[in-house]
*Asks:* 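So that we are looking at the same thing, I have put the structure below in structure tokens.
Proteins get letters first, then strands, A, B, ... in listed order; numbering begins at 1 in each.
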Protein chains: 2
Amino acid sequence: MPDQLSQVFAALADPTRRDIVARLTLADATVGELAEPYDVSTQAVSKHLKVLEAAGLVSRSREAQRRPVHLEAEVFDLMTAWIERYRRQAEERYARLDALLTEMNVETSTDTTRDGEAS
Amino acid sequence: MPDQLSQVFAALADPTRRDIVARLTLADATVGELAEPYDVSTQAVSKHLKVLEAAGLVSRSREAQRRPVHLEAEVFDLMTAWIERYRRQAEERYARLDALLTEMNVETSTDTTRDGEAS
DNA sequence: CACTTCCTAAACCAGTTGGTTGACTACAAC
DNA sequence: GTTGTAGTCAACCAACTGGTTTAGGAAGTG
């Protein structure tokens, strides 16, 4: 049982599952409806849904013998929070590096600037 | 060779690799530096880096016998583009559903509202 | 009741993954 | 040259994945 973030990323690493999620943004759907476009068994789709459910990306209710699948879109925030955090951190780093370089009147070149270079 | 988006998601589905990416937002690093905090061999970290590189998340240059690893932060955009697209689509759908419900003077309840129920 | 529909469970299989160990390349320094 | 340091490659292994097939549960319909 890995952490949820890992499960969400792993769940979306599969194109079929990404497609299922994409279609669920338009409307809830049953397993049969979801399986119809793909060239695999409904059992395979059922497995995909189990993965998505374990990641918290979808929930399933019960309605007669059908099991409507519903997207839990809030989980997206988990990913965007992670991504944005480190994207910002990377940007800040580049900004600092850039400022340092202009301060030193050095052209932005591809060398390393790590140590010893600035004697 | 799956599509890049799948590779990026898969790469970030591993906590060790996410941690490596996080640390690379602060500074480039060598394989040895990256491997040091973890209780695994450098070979294992080298493998992780190969996965990240295949996904386009990092690049490696050459500097004496060292192989500095550099984060390619632009790849984040690939993910955010996908996520934001479907997040927005989901939100629009909820908004439409909500508008429809208030228009019908129906309280937002948890039942299915699909058919048959309202006899 | 029997029967069909919708879906899940279990067993199996080939391919991938994340880790190991051991051997190897590349460079630097002695 | 030899030695040491940084890293990769190859073979191996247990565990997981995405698919299959076969069987079965749950709820409507004749």
Side-chain angles (χ1 to χ4, degrees), chain A residues 1-21 24 28-55 57-70 112 114-116, chain B residues 1-21 24 27-55 57-70 111-112 114-117 119:
Chain A
M1 324 137 181
D3 58 301
Q4 189 180 7
L5 191 51
S6 297
Q7 289 189 75
V8 173
F9 276 126
L12 294 182
D14 184 285
T16 304
R17 284 194 295 258
R18 272 203 310 282
D19 195 57
I20 288 174
V21 167
L24 286 173
D28 293 3
T30 65
V31 179
E33 287 163 1
L34 288 173
E36 190 267 324
Y38 313 120
D39 195 19
V40 297
S41 60
T42 54
Q43 287 94 324
V45 173
S46 190
K47 273 193 181 182
H48 281 311
L49 289 171
K50 209 153 77 170
V51 174
L52 291 170
E53 190 177 30
L57 276 161
V58 308
S59 61
R60 286 131 119 191
S61 48
R62 188 152 254 292
E63 178 188 320
Q65 66 273 67
R66 256 157 262 113
R67 304 288 316 274
V69 182
H70 174 75
T112 63
R114 282 215 75 176
D115 58 352
Chain B
M1 323 139 183
D3 59 301
Q4 190 179 8
L5 191 50
S6 296
Q7 289 188 76
V8 174
F9 276 127
L12 295 181
D14 184 284
T16 303
R17 285 195 294 258
R18 273 203 309 281
D19 195 57
I20 289 176
V21 168
L24 286 173
D28 292 3
T30 65
V31 179
E33 287 165 359
L34 288 173
E36 190 265 324
Y38 313 119
D39 195 19
V40 297
S41 60
T42 55
Q43 288 96 321
V45 173
S46 190
K47 274 193 181 182
H48 281 311
L49 289 172
K50 212 153 73 172
V51 173
L52 290 170
E53 191 178 27
L57 275 161
V58 307
S59 61
R60 286 130 120 192
S61 48
R62 187 152 255 291
E63 178 189 319
Q65 65 273 69
R66 257 158 262 114
R67 306 287 318 274
V69 182
H70 174 74
D111 67 20
T112 62
R114 282 208 80 170
D115 58 349
E117 208 63 22
S119 67

*Asks:* Return the CZ to CG distance between B:Arg66 and B:Asp28, rounded to the nearest 0.5 Å.
*Replies:*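 Separation between the atoms: 13.5 Å.
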
*Asks:* Would you please name every residue forming a side-chain hydrogen bond (donor to acceptor under 3.5 Å, both in side chains) with A:Ser59, sequence neighbours left out?
*Replies:*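 In terms of side-chain hydrogen bond (donor to acceptor under 3.5 Å, both in side chains), with neighbours along the sequence ignored, A:Ser59 is linked to A:Glu72.
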
*Asks:* Listed by chain and number, what are the side-chain contact (heavy atoms from CB on, under 4.5 Å) partners of A:Thr42, not counting sequence neighbours?
*Replies:* A:Ala35

*Asks:* Roughly how many Å is it from NZ in B:Lys50 to P in D:dA10, rounded to a whole number?
*Replies:*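 Value for this atom pair: 8 Å.
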
*Asks:* Is the shortest side-chain N/O distance from A:Ser46 to OP1 or OP2 of C:dT8 below 4.0 Å?
*Replies:* yes

*Asks:* Are B:Thr42 and D:dT8 close enough that a side-chain N or O sits under 4.0 Å from OP1 or OP2?
*Replies:*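 False: B:Thr42 side-chain N/O out of range (4.0 Å or more) of D:dT8 OP1/OP2.
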
*Asks:* Who passes salt bridge (charged side-chain N to carboxylate O under 4.0 Å, His left out) against A:Glu53, sequence neighbours left out?
*Replies:*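 Scan of A:Glu53 (salt bridge (charged side-chain N to carboxylate O under 4.0 Å, His left out), adjacent residues dropped) gives A:Arg60.
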
*Asks:* Calculate the interatomic distance between A:Arg66 atom CZ and C:dT5 atom P; express it in whole Å.
*Replies:* 12 Å

*Asks:* Can you measure B:Gln7 atom CD to C:dT16 atom P for me and round it to whole angstrom units?
*Replies:* 13 Å

*Asks:* Distance check needed: C:dT17 P versus B:Phe9 CZ, whole Å only.
*Replies:*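 Whole-Å distance recorded here is 17 Å.
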
*Asks:* What protein N or O atoms touch nucleotides 21-29 of chain C N or O atoms at under 3.5 angstrom, if any, and at what distances?
*Replies:*
from: C:dG22; atom 1: O6; to: B:Gln43; atom 2: NE2; distance (Å): 2.7

*Asks:* Write down the distance between CG (A:Leu49) and P (D:dG19), rounded to a whole number of angstrom.
*Replies:*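 Going from A:Leu49 (CG) to D:dG19 (P), I get 12 Å.
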
*Asks:* Which pairs with one or both residues in residues 36-47 of chain B pass salt bridge (Lys or Arg N to Asp or Glu O under 4.0 Å), sequence neighbours excluded?
*Replies:* none

*Asks:* Once you round it to whole Å, what is the distance between P of D:dA6 and CG of B:Leu34?
*Replies:*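 Interatomic distance, CG of B:Leu34 to P of D:dA6: 14 Å.
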
*Asks:* Checking B:Arg67 now: which residues fulfil salt bridge (charged side-chain N to carboxylate O under 4.0 Å, His left out) with it, not counting sequence neighbours?
*Replies:* none

*Asks:* Polar atoms only, N or O, under 3.5 Å: list the protein pairs with nucleotides 16-18 of chain D and their distances.
*Replies:*
from: D:dG18; atom 1: OP1; to: A:Arg17; atom 2: NH2; distance (Å): 3.1
from: D:dG18; atom 1: OP2; to: A:Arg17; atom 2: NH1; distance (Å): 3.2

*Asks:* Which residues satisfy the side-chain contact (heavy atoms from CB on, under 4.5 Å) test with A:Ala55, sequence neighbours excluded?
*Replies:*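 So A:Ala55 forms a side-chain contact (heavy atoms from CB on, under 4.5 Å) with A:Gln7, A:Val8, A:Ala11, A:Leu57.
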
*Asks:* Which residues satisfy the side-chain contact (heavy atoms from CB on, under 4.5 Å) test with B:Pro15, sequence neighbours excluded?
*Replies:*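 Partners of B:Pro15 under the side-chain contact (heavy atoms from CB on, under 4.5 Å) test: A:Asp3, A:Ser6, B:Arg18.
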
*Asks:* Shortest non-hydrogen contact from A:Val45 to A:Tyr38?
*Replies:* CG2-CD1, 4.3 Å

